[in-house]
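See structure below.
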Amino acid sequence: MAHFRMLQLDFWKDVKVLEEFTPEDRLFFIYLLTNPYTSSIGIYQITKKAAAFELGYSIESINSLFDRFENHHKLIKYNSKTREIAIKNWGKHNFRNSGKPILDMISKELKSLKDIELIKYVSGQITDPKIKTLFDNYYDTYNASCNDTYDDTYNDTFKDEVEKSEKVEECRDDGIFNDTSTIRQRTVPRKGGQEVEVEVEIEQEVEEEVEVEEEVEIEQEVEEETPQATTTTTNLSDGYFNCFGQLPNQYQLNDLNNFSKSLEDDAILFAMIKASDQDKSFGYAKAIIKDWIKKGVTTYDAALREQEQFSQSKQPQKQEVLPKWFKERKEKPQQEDYEQLSEEHNQEVNSFFTQFKKGVKNEK
């Protein structure tokens, strides 16, 4: 991505900044938001020595600032063992686009973290639902993979409860049970000595499933009725800002809208990211997009494949090196030409000596 970070203008109007921040606090916080070690997820690794060197402060001053922002302002968390820092409100002000390229980049950076608890700290302030879900799912998946879910006793008991439930349902289907109240109630041991009561009501479960299905259908109808043009324009505009550091003008917005009719938004965003990585302008991204349209590339996945093919085609080709003796042989005249030259030379020499002899006789 491009080497810059966004800083909202409202930063200077924030009440906390105006009333609680000292001049050193403001400089230090802007440094935390814009230093070269920052990442797209608001969690990154930085040493206090590096911060002291780049800000021109002593180690004691930097230690005091880190402690002040963590315990007084409560805007960061710093792990002194992994040397990772998390910016609390990063997700509120920086996640303005949730396209597939952005989500892929976020997933890659989440996997590189050492202190997973910092993910939960930043996730609480993320406003974009897709990115927040990505943070929470990664945090939950990581914890689930590190801890045993249940012990053997619980697993065996749970299997027994499932088998009993299936038998009860079979009996109810056969008319043995006419009571529609609670079918069973058992106390199931869980790991750590805790116990949980399992209570199953068949009719209640059916009603809950129906309610869930109705809610899903309503959400789908609302999504279908909601116009997508404004969302598309906003996502591409935010992506343009993230890549080129400024908002698109009206002509560039028209280009983005026209391109979105032929390509997925993620494919257009991918082209702008490619241009930004090479320090090119939006014109370079337009050339890429137009080339994709000519080739029938319309999706993000197809754009990735096209990029891989293009990279392979740019690899240097082996050139055949001719031996020196072959070149020299090519440069030498052919034998016939040599013989022809020798014959002409002999004729010139004989003619010279003939004229010379005649001149000598005339003198005598």
Side-chain angles (χ1 to χ4, degrees), residues 1-8 31-46 50 54 87 90-91 93-113 128 130-131 134-135 138 232-249 251-260 262-317:
M1 293 294 290
H3 302 291
F4 58 83
R5 294 293 176 197
M6 292 188 298
L7 183 65
Q8 301 288 343
Y31 172 77
L32 294 181
L33 297 176
T34 61
N35 71 74
Y37 311 105
T38 57
S39 65
S40 63
I41 61 175
I43 308 171
Y44 57 91
Q45 192 174 53
I46 184 174
E54 293 178 342
I87 312 297
W90 182 273
H93 303 293
N94 289 273
F95 293 137
R96 303 179 62 185
N97 192 306
S98 57
K100 193 173 187 305
I102 300 297
L103 295 177
D104 290 345
M105 180 174 60
I106 291 174
S107 298
K108 182 179 179 181
E109 292 184 356
L110 287 175
K111 294 177 182 178
S112 66
L113 296 179
D128 188 292
K130 290 184 179 179
I131 297 179
L134 182 61
F135 268 66
Y138 183 80
T232 298
T233 304
T234 303
N235 289 340
L236 292 178
S237 178
D238 291 342
Y240 185 101
F241 182 88
N242 292 332
C243 291
F244 304 111
Q246 60 184 6
L247 292 173
N249 58 36
Y251 297 103
Q252 292 160 344
L253 282 175
N254 291 338
D255 288 335
L256 293 174
N257 287 332
N258 291 332
F259 289 147
S260 65
S262 302
L263 281 79
E264 290 182 352
D265 287 358
D266 289 345
I268 298 173
L269 182 58
F270 180 50
M272 291 193 290
I273 292 175
K274 281 171 52 63
S276 175
D277 287 342
Q278 301 182 37
D279 294 328
K280 302 291 186 180
S281 65
F282 179 63
Y284 186 83
K286 285 174 58 177
I288 296 176
I289 293 172
K290 290 179 179 178
D291 182 63
W292 287 348
I293 293 176
K294 289 181 180 179
K295 295 179 179 178
V297 176
T298 58
T299 64
Y300 171 66
D301 294 334
L304 282 177
R305 292 192 296 269
E306 176 64 22
Q307 171 63 19
E308 292 176 356
Q309 295 175 0
F310 178 77
S311 300
Q312 293 175 358
S313 65
K314 296 295 287 185
Q315 294 180 355
Q317 301 292 331

Just jot down the side chain to side chain contact (heavy atoms under 4.5 Å, CB included) partners of [X], sequence neighbours excluded, or say none.
X      : answer
Thr298 : none
Asn35  : Tyr31, Tyr37, Thr38, Tyr44, Ile46
Lys290 : Phe259, Lys286
Thr34  : Arg5, Ile30

Test log, rule side chain to side chain contact (heavy atoms under 4.5 Å, CB included), inputs Val297 and Leu263: CA-CA 7 Å; Val297 176; Leu263 281 79; 5.5 Å; no
Inter-residue atom distance [X].[atom1] - [Y].[atom2], 0.5 Å rounding:
X      : Y      : atom1 : atom2 : answer
Ile268 : Ser260 : CD1   : OG    : 5.5 Å
Asn94  : Ile41  : CG    : CD1   : 12.0 Å
Gln307 : Trp292 : CD    : CH2   : 7.0 Å
Met105 : Ser39  : CE    : OG    : 9.0 Å
Asn257 : Leu236 : CG    : CG    : 7.5 Å
Thr299 : Arg305 : OG1   : CZ    : 6.0 Å

Mind checking salt bridge (charged side-chain N to carboxylate O under 4.0 Å, His left out) for [X] and listing every partner two or more places apart, or none if nothing turns up?
X      : value
Lys100 : Asp104
Glu306 : Lys295
Asp128 : none
Lys130 : none

For Phe282, ring-ring contact (aromatic ring centres under 6.0 Å, His included) partners two or more places apart: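 Once residues adjacent in sequence are excluded, the partners of Phe282 under the ring-ring contact (aromatic ring centres under 6.0 Å, His included) criterion are Tyr240.
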State which residues pass side-chain hydrogen bond (donor to acceptor under 3.5 Å, both in side chains) with [X]; sequence neighbours excluded, sorted by chain then number.
X      : value
Asn254 : Gln250
Glu308 : none
Ser40  : Glu109

Main-chain N/O of Ile273 paired with Ser276 side-chain donor or acceptor, under 3.5 Å: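 No, Ser276 side chain to Ile273 backbone: no donor-acceptor pair under 3.5 Å.
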Stepwise side chain to side chain contact (heavy atoms under 4.5 Å, CB included) test for Ile288 and Tyr284: CA-CA 6 Å; Ile288 296 176; Tyr284 186 83; 3.5 Å; yes
Verdict with supporting geometry, Tyr300 and Asp265, side chain to side chain contact (heavy atoms under 4.5 Å, CB included): CA-CA 8 Å; Tyr300 171 66; Asp265 287 358; over 6 Å; no
Shortest non-hydrogen separation from Ser281 to Ala275 and the atoms involved: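 Smallest interatomic distance, heavy atoms only, reads O-CB, 3.7 Å.
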From CA spacing to verdict: side chain to side chain contact (heavy atoms under 4.5 Å, CB included), Ile87, His93: CA-CA 11 Å; Ile87 312 297; His93 303 293; over 6 Å; no
Leu134 and Ser107, any side-chain heavy atoms less than 4.5 Å apart: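 They are in side-chain contact.
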